[in-house]
Asks: 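One structure, pasted below without further comment.
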4 protein chains.
Amino acid sequence: MNLIQTRGPAGRAGSAPVAARYAAVRGRTEALAAPLSAEDQCIQSMPDASPAKWHRAHTTWFFETFLLVPHLAGYRRFDDRFGFLFNSYYEAAGPRHARPRRGMLTRPSAAEVTDYRAHVDEGMAALLRDPLPEAAVLVELGLQHEEQHQELLLTDILHALSQNPLLPPYDPDWREPPAATGEAGWLTLPEGLAEIGHAGPGFAFDNEAPRHRTWVAGCRVADRLVSNGAWLAFMAEGGYRTPTLWMSEGWAACAAEGWEAPLHWHRRGEGWMQYTPNGLRPLDPAAPVRHISWYEAEAFARWAGKRLPTEQEWEVASALPGFRDATGIGWQWTNSAYLPYPGFRPWEGAVGEYNGKFMINQMVLRGGSLATPPGHARPSYRNFFPPGARWQFSAVRLAEDAP
Amino acid sequence: MNLIQTRGPAGRAGSAPVAARYAAVRGRTEALAAPLSAEDQCIQSMPDASPAKWHRAHTTWFFETFLLVPHLAGYRRFDDRFGFLFNSYYEAAGPRHARPRRGMLTRPSAAEVTDYRAHVDEGMAALLRDPLPEAAVLVELGLQHEEQHQELLLTDILHALSQNPLLPPYDPDWREPPAATGEAGWLTLPEGLAEIGHAGPGFAFDNEAPRHRTWVAGCRVADRLVSNGAWLAFMAEGGYRTPTLWMSEGWAACAAEGWEAPLHWHRRGEGWMQYTPNGLRPLDPAAPVRHISWYEAEAFARWAGKRLPTEQEWEVASALPGFRDATGIGWQWTNSAYLPYPGFRPWEGAVGEYNGKFMINQMVLRGGSLATPPGHARPSYRNFFPPGARWQFSAVRLAEDAP
Amino acid sequence: MNLIQTRGPAGRAGSAPVAARYAAVRGRTEALAAPLSAEDQCIQSMPDASPAKWHRAHTTWFFETFLLVPHLAGYRRFDDRFGFLFNSYYEAAGPRHARPRRGMLTRPSAAEVTDYRAHVDEGMAALLRDPLPEAAVLVELGLQHEEQHQELLLTDILHALSQNPLLPPYDPDWREPPAATGEAGWLTLPEGLAEIGHAGPGFAFDNEAPRHRTWVAGCRVADRLVSNGAWLAFMAEGGYRTPTLWMSEGWAACAAEGWEAPLHWHRRGEGWMQYTPNGLRPLDPAAPVRHISWYEAEAFARWAGKRLPTEQEWEVASALPGFRDATGIGWQWTNSAYLPYPGFRPWEGAVGEYNGKFMINQMVLRGGSLATPPGHARPSYRNFFPPGARWQFSAVRLAEDAP
Amino acid sequence: MNLIQTRGPAGRAGSAPVAARYAAVRGRTEALAAPLSAEDQCIQSMPDASPAKWHRAHTTWFFETFLLVPHLAGYRRFDDRFGFLFNSYYEAAGPRHARPRRGMLTRPSAAEVTDYRAHVDEGMAALLRDPLPEAAVLVELGLQHEEQHQELLLTDILHALSQNPLLPPYDPDWREPPAATGEAGWLTLPEGLAEIGHAGPGFAFDNEAPRHRTWVAGCRVADRLVSNGAWLAFMAEGGYRTPTLWMSEGWAACAAEGWEAPLHWHRRGEGWMQYTPNGLRPLDPAAPVRHISWYEAEAFARWAGKRLPTEQEWEVASALPGFRDATGIGWQWTNSAYLPYPGFRPWEGAVGEYNGKFMINQMVLRGGSLATPPGHARPSYRNFFPPGARWQFSAVRLAEDAP
Ligand SMILES: [Fe+3]
Ligand SMILES: [Fe+3]
Ligand SMILES: [Fe+3]
Ligand SMILES: [Fe+3]
């Protein structure tokens with residue numbers, strides 16, 4: 001099967017035997033949900049976020065809809081009504097429950113969703129017993145999709161629990177990941193023609209292709225992320241009160257939403273605490289800042305006399321020696337709008353809606369975060385959110401023009 | 001202790017021994033919550049409604065705050081943070097969680113709320129062991145308060161579950177209450193001076209007092225409630241499409257919210273089903289209509305060539321022989337605004353906020369509904385909701401001027 | 001012709017010859033508009049207010065639609081499209097321009113509206129040449145209607161001009177009306193059966209009828225209005241920062257809209273100025289307060305240990321010797337909701353929409369204001385606005401229960 | 001003075017003597033406003049649009065603030081309060097009137113704005129009498145700025161007048177501009193390194209610089225604009241009812257705003273009319289479509305099996321022989337987000353806010369429209385609007401990947 005020709009998601013070369021990988025990914029989702037009560041899993045704290053239970057069911061629906069129904073002879077849907085409840089945004093897959101009302105779904109219960117997952121896992125086990133010439137790539141897509149929802153499950157539940165005045169921890173065993181600290185070094189990118197985008201082998205999303213040439217102006221990119229301490233300096237110098245530092249729209253958002261610090265920061269006495277997956281913790285000035293919008297990142301960069309890198313610069317720089325914390329800490333806002341690469345063609349069929357229809361009014365983030373499943377991200381990976389989004393583990397890496 | 005002098009809630013004369021009554025009322029709340037999962041109990045479907053778990057905790061907070069803390073020596077609060085979470089609107093009792101965000105409280109869990117109830121019940125048992133010269137009336141107020149929340153628990157959960165496309169039943173054993181059917185008879189009220197309002201004995205809310213004289217113009221009041229069948233006729237004659245039948249503001253609400261039938265009606269094929277506590281059921285044309293706003297009730301009355309009774313007319317008529325279904329089916333919208341009676345004085349202390357501060361932009365409903373706890377309502381009882389509210393078990397009893 | 005029987009607006013007995021009165025009222029409207037430029041006349045500062053030009057055209061449309069078209073043989077409409085533009089809310093008179101978009105009507109120009117007025121005045125002159133057995137009462141209604149719009153023209157333009165940072169005066173020759181100042185005296189109302197409502201002779205609106213008996217509890221009513229000085233004391237004692245003084249809904253409005261003083265008050269240095277029809281002027285502590293919502297009036301009354309009178313109390317008290325400033329200064333908020341009197345029947349025909357369809361979520365104001373045309377108001381007159389409205393010349397007269 | 005070094009706006013080489021050019025540009029603004037009454041000039045139909053009078057005053061304020069006050073000795077401001085009223089968005093120039101309330105400014109009148117313009121023109125005449133080593137470039141910027149507002153004056157007034165049910169013409173003498181009609185030809189762009197951006201000579205905005213290299217993938221660009229006839233075919237095939245053709249956000253906008261045709265189209269009987277500067281006119285199927293959002297343009301391109309060009313492709317293609325209607329008809333949406341060019345540096349001083357702070361959530365349009373002043377645009381010109389904007393003269397030019 002020639003994946004390029006059929007324009008489905010590109011396969012994952014050299015992966016673990018697929019059944020084992022399937023079990024691992026699916027199990028990881030359940031492990032992430034394990035610290036949560038049924039109540040925790042049910043609520044939705046804002047239209048952009050989804051309940052943990054919904055993530056668990058929606059990822060299951062994906063396998064049922066795109067793999068089991070078309071490809072497993074004799075498969076019976078777990079519940080015919082779940083298509084309506086757990087379709088996210090696939091117009092081609094039929095009507096669906098309104099996104100901002102996902103938190104109203106007390107039924108099916110978390111336990112029933114567990115049964116749903118088991119039912120589909122059983123079907124997938126049957127399907128994976130034999131070679132899958134046609135659908136192999138969709139299995140991998142389903143797993144990549146589930147990994148993406150694993151990250152969202154964590155950012156969404158953090159937001160949901162943060163709405164509770166008790167500020168309960170998601171997981172009392174959770175620990176901050178180690179990151180590069182101290183003064184940033186600067187990596188130099190020479191001017192010239194570069195290639196970016198995914199060229200295989202291995203899986204990539206359609207939005208990472210095709211690999212293509214791009215002209216990169218010379219510049220310098222920081223070798224590490226901006227720290228909480230630097231952010232405190234920005235705040236101390238009136239960063240949140242100085243409109244000339246901000247995009248016009250960013251300043252409006254700042255004023256309308258009353259921003260005066262990153263999301264999940266809480267003033268306590270003279271200092272700041274940070275709400276983390278392990279509850280409210282003292283803010284570590286050396287650690288990278290996170291939970292900031294593009295608007296804030298961009299204003300900070302202006303205040304610092306720098307700028308954000310483009311996604312092309314980021315991708316090229318990430319291959320340089322000394323580039324720290326590409327992933328594992330926080331997604332890094334770029335100054336690139338999320339747009340199709342030259343020659344972009346969405347996948348065929350319903351999964352063609354996966355990425356393409358969001359290519360407007362969003363900014364690209366590169367790298368990966370502490371919530372990104374191990375092995376999920378790669379240098380060509382394009383994450384994207386609207387410039388006002390703050391509930392992701394979003395961070396800042398600075399750049400500057402060549403002198 | 002002279003309750004009238006101190007202007008606290010008037011005591012309930014001749015009630016069952018208070019400890020037994022306390023146990024019965026508290027137990028009834030738990031019985032109402034029994035069919036609900038922890039998830040069901042957690043969600044909030046609109047700002048005006050509250051989660052079932054919140055009702056269970058808030059009624060408990062009421063006893064803790066107004067009885068145990070001031071009156072039980074050595075009492076220790078279950079959790080110091082619950083005051084913030086479960087205060088509803090008592091400014092005098094301190095700051096509180098934002099009402100529209102009550103559905104975010106996955107913690108404390110439903111099970112912890114059960115523990116909270118047990119803790120407070122234990123304290124109350126201790127408190128009730130001895131005579132309560134000062135606080136007796138507050139105990140009764142706490143129980144009346146809890147009964148009010150029992151009704152809300154049911155209307156709120158019905159609304160919450162109705163948001164689920166699966167339309168799950170609240171209780172598969174629930175049955176429709178029997179009601180007077182068939183053509184209405186008309187009870188005649190002569191013109192003259194009447195007395196309305198509560199004069200004891202027994203408990204009443206401050207808004208039912210003082211009993212006072214009022215001049216009632218002669219009129220006729222229907223002896224039963226308007227039926228679903230009559231409502232279908234209103235609909236068939238374009239009731240929801242004829243602006244001249246409506247108050248100006250009512251027509252705006254009808255258009256803005258797309259009303260074309262009472263709340264909880266679902267078109268199925270040619271006919272209508274009704275979402276009930278027992279799930280979706282065929283609509284019974286003989287049964288009284290319910291889940292209608294004041295706007296709809298008033299438009300219906302105009303279409304029928306009648307009007308709504310005033311609350312004074314309702315109260316006087318309710319004493320006439322032949323007056324059916326005063327309570328047990330649906331609260332009956334009146335054409336009276338919810339305003340203080342002449343000489344009204346709110347209770348003293350924090351409970352003075354109980355009723356008085358809502359006396360604007362609300363209409364009075366009289367009677368009682370299928371969700372009203374047995375024995376809770378009385379002829380002088382004043383229920384009130386904004387004219388656009390539809391999620392209560394609200395019904396229509398017509399009136400007309402004397403010929 | 002028996003107007004009572006036909007239930008049209010009751011005629012004005014003993015009025016000046018109708019043609020002369022028509023000319024006087026119509027001319028007064030033009031005199032009110034005279035200080036305004038075409039631009040001033042065009043804008044609409046909020047959905048509840050209308051442009052001055054629109055008032056001028058709409059009152060003209062009223063005569064054209066309800067008098068000339070049905071009653072003047074051979075009358076030709078000035079412009080067939082004006083019915084759509086200048087119908088306010090008469091469903092029976094056809095579709096109409098959206099109320100919040102009245103400020104978009106730069107055409108017809110102010111000059112064309114002058115022509116429109118002249119055209120209709122000419123038609124009316126022809127109509128009034130002969131006796132009008134059928135339509136006489138509609139002529140009077142048209143004039144009363146125009147007088148009502150004269151008051152609105154002034155309150156609306158004051159609001160519109162107040163949006164301009166330059167705070168331009170409406171009329172540099174305008175002077176404050178004299179009012180009773182100093183300590184209030186208290187007029188005593190004995191308990192008993194009273195009659196209120198209009199019984200003729202002379203014109204009255206349908207909502208003032210029928211005259212009917214009502215039981216009035218004994219009380220005392222202030223003989224004058226609350227002063228700016230008293231309001232300053234309320235403010236100084238934290239009136240706008242004390243939620244327990246307010247209705248729940250009123251406090252929400254106060255917080256949402258950031259009220260900290262009456263409308264049209266401007267802090268200048270240590271003190272306050274008031275925006276008046278003559279521009280920004282020093283606030284006179286002795287003068288009656290105005291431009292307050294019902295919410296504020298009611299909170300003030302609670303702070304003062306008093307209450308607002310009911311409309312029944314107001315009407316009875318207004319006949320007592322010593323009752324000052326019933327009209328001429330500010331409309332006085334009552335604690336009565338705007339509801340139909342017992343036996344109320346709206347006028348027949350399209351003018352039946354005049355009053356009845358607004359009888360929900362509004363509070364009654366009694367008396368009259370500095371903007372009320374001389375001779376327009378009477379003791380039975382019922383003005384009404386939603387409890388949050390502040391842009392009228394609304395004032396406070398206190399009452400209290402009999403000791 | 002080396003403009004590049006000081007990073008102010010680049011000068012216009014070889015222009016007409018500046019005083020003559022000043023007079024011509026300023027006179028053109030007045031000519032555009034000439035068909036409008038004072039009322040027409042006063043209103044604001046939506047927050048994104050401004051009143052014609054405001055455009056006239058704001059462009060004048062620009063000269064007063066950035067030229068006369070700093071550079072003309074002895075200049076006296078016309079009115080000290082105008083800075084507050086007519087500053088648009090320059091934070092560095094002080095506080096300003098809220099943008100959505102510009103339609104409330106009935107004072108100063110249109111006539112006073114004429115006086116203001118004369119006063120500033122007089123000052124400018126004095127200033128321009130002598131050589132302007134430092135400020136020359138700011139004069140040109142002021143003129144370019146005024147030309148931009150000339151276009152907005154026309155699109156804004158068209159929107160404002162379109163709110164009037166009478167659909168009055170802006171100018172009965174206005175005629176549609178001629179455009180290339182018939183089947184599109186396709187111009188081929190070879191793959192390779194290209195240069196785009198302004199390099200002089202002549203004026204350009206800061207956002208057009210620096211000129212820089214960019215890698216362009218091979219593609220084909222249409223030689224003319226999409227026609228109304230093609231748009232009718234899109235509509236006939238359900239373009240406005242097919243979500244899979246749309247960006248997710250675009251479909252939401254389409255549904256929320258009820259789009260079913262371009263802005264300013266009016267269904268009349270079986271066909272369509274178009275509201276134009278000359279009022280309502282029959283829609284010409286051969287003429288280019290206009291008044292479409294980026295969302296619609298992008299959906300149309302997908303329906304047509306094509307795509308929108310990037311701004312780089314557009315700029316390179318515009319130099320090819322056969323490229324028709326680059327300007328004069330409608331601005332052409334590109335698939336490029338409005339972002340800084342590599343090495344972009346905003347101008348220094350207050351005018352640095354001119355362009356840079358809007359570089360988020362906007363898409364680039366290229367070319368020029370029938371409302372663009374002659375000589376104003378150039379191939380490197382970057383216009384920008386949010387993807388939902390429809391009130392500009394916005395059009396579509398298609399592109400496709402190389403086969
Ligand atoms: Fe998904
Ligand atoms: Fe309560
Ligand atoms: Fe009117
Ligand atoms: Fe400007």
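Order of the sequence lines sets the chain letters (A, B, ...), proteins ahead of strands, with each chain counted from 1.
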Asks: What part of C:Ile43 gets within 4.5 angstrom of chain D, counting heavy atoms only: side chain, backbone, both, or neither?
Replies: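 Just the side chain, heavy atoms under 4.5 Å.
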
Asks: Passes side-chain contact (heavy atoms from CB on, under 4.5 Å), C:Thr65 versus C:Tyr90? Steps please.
Replies: CA-CA 11 Å; C:Thr65 303; C:Tyr90 296 87; over 6 Å; no

Asks: Name the region of D:Ala110, side chain, backbone, both or neither, that has any atom closer than 4.5 Å to a heavy atom of chain C.
Replies: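 Looking at D:Ala110, backbone and side chain both touch chain C.
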
Asks: Do you know which of C:Gln44, C:Arg81, C:Gln41, C:Lys53 has the most heavy-atom pairs under 4.5 Å to chain D?
Replies: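 Between C:Gln44, C:Arg81, C:Gln41, C:Lys53, the count favours C:Arg81.
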
Asks: Just give me the residue among C:Ser45, C:Ala160, C:Ser37, C:Cys42 that pairs up with chain D most often, heavy atom to heavy atom, under 4.5 Å.
Replies: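 Looking at each of C:Ser45, C:Ala160, C:Ser37, C:Cys42 in turn, C:Ser45 comes out on top.
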
Asks: Can you say whether the rings of C:Trp391 and C:Phe385 are parallel (under 30°), tilted (30 to 60°) or perpendicular (over 60°)?
Replies: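 Rings of C:Trp391 and C:Phe385: perpendicular, as their planes differ by over 60°.
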
Asks: Tell me whether the rings of C:Phe78 and C:Phe82 are parallel (<30°), tilted (30 to 60°) or perpendicular (>60°).
Replies: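 Geometry flag for C:Phe82 against C:Phe78: tilted rings.
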
Asks: As an exercise: rank D:Leu161, D:Leu105, D:Leu166 by heavy-atom pairs under 4.5 Å with chain C and give me the winner.
Replies: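 Between D:Leu161, D:Leu105, D:Leu166, the count favours D:Leu166.
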
Asks: Taking the six-membered ring for Trp, are D:His291 and D:Phe393 parallel (under 30°), tilted (30 to 60°) or perpendicular (over 60°)?
Replies: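 Rings of D:His291 and D:Phe393: tilted, as their planes differ by 30° to 60°.
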
Asks: What part of D:Arg107 is in contact with chain C, defined as an atom under 4.5 angstrom from a non-hydrogen atom: side chain, backbone, both or neither?
Replies: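 D:Arg107 touches chain C through backbone and side-chain heavy atoms alike.
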
Asks: Looking only at atom types and distance, does a side-chain atom of D:Ser394 sit under 3.5 Å from a main-chain N or O of D:Ile292, one as donor and one as acceptor?
Replies: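 Yes, the answer is positive, given that a donor and an acceptor are paired below the 3.5 Å cut-off.
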
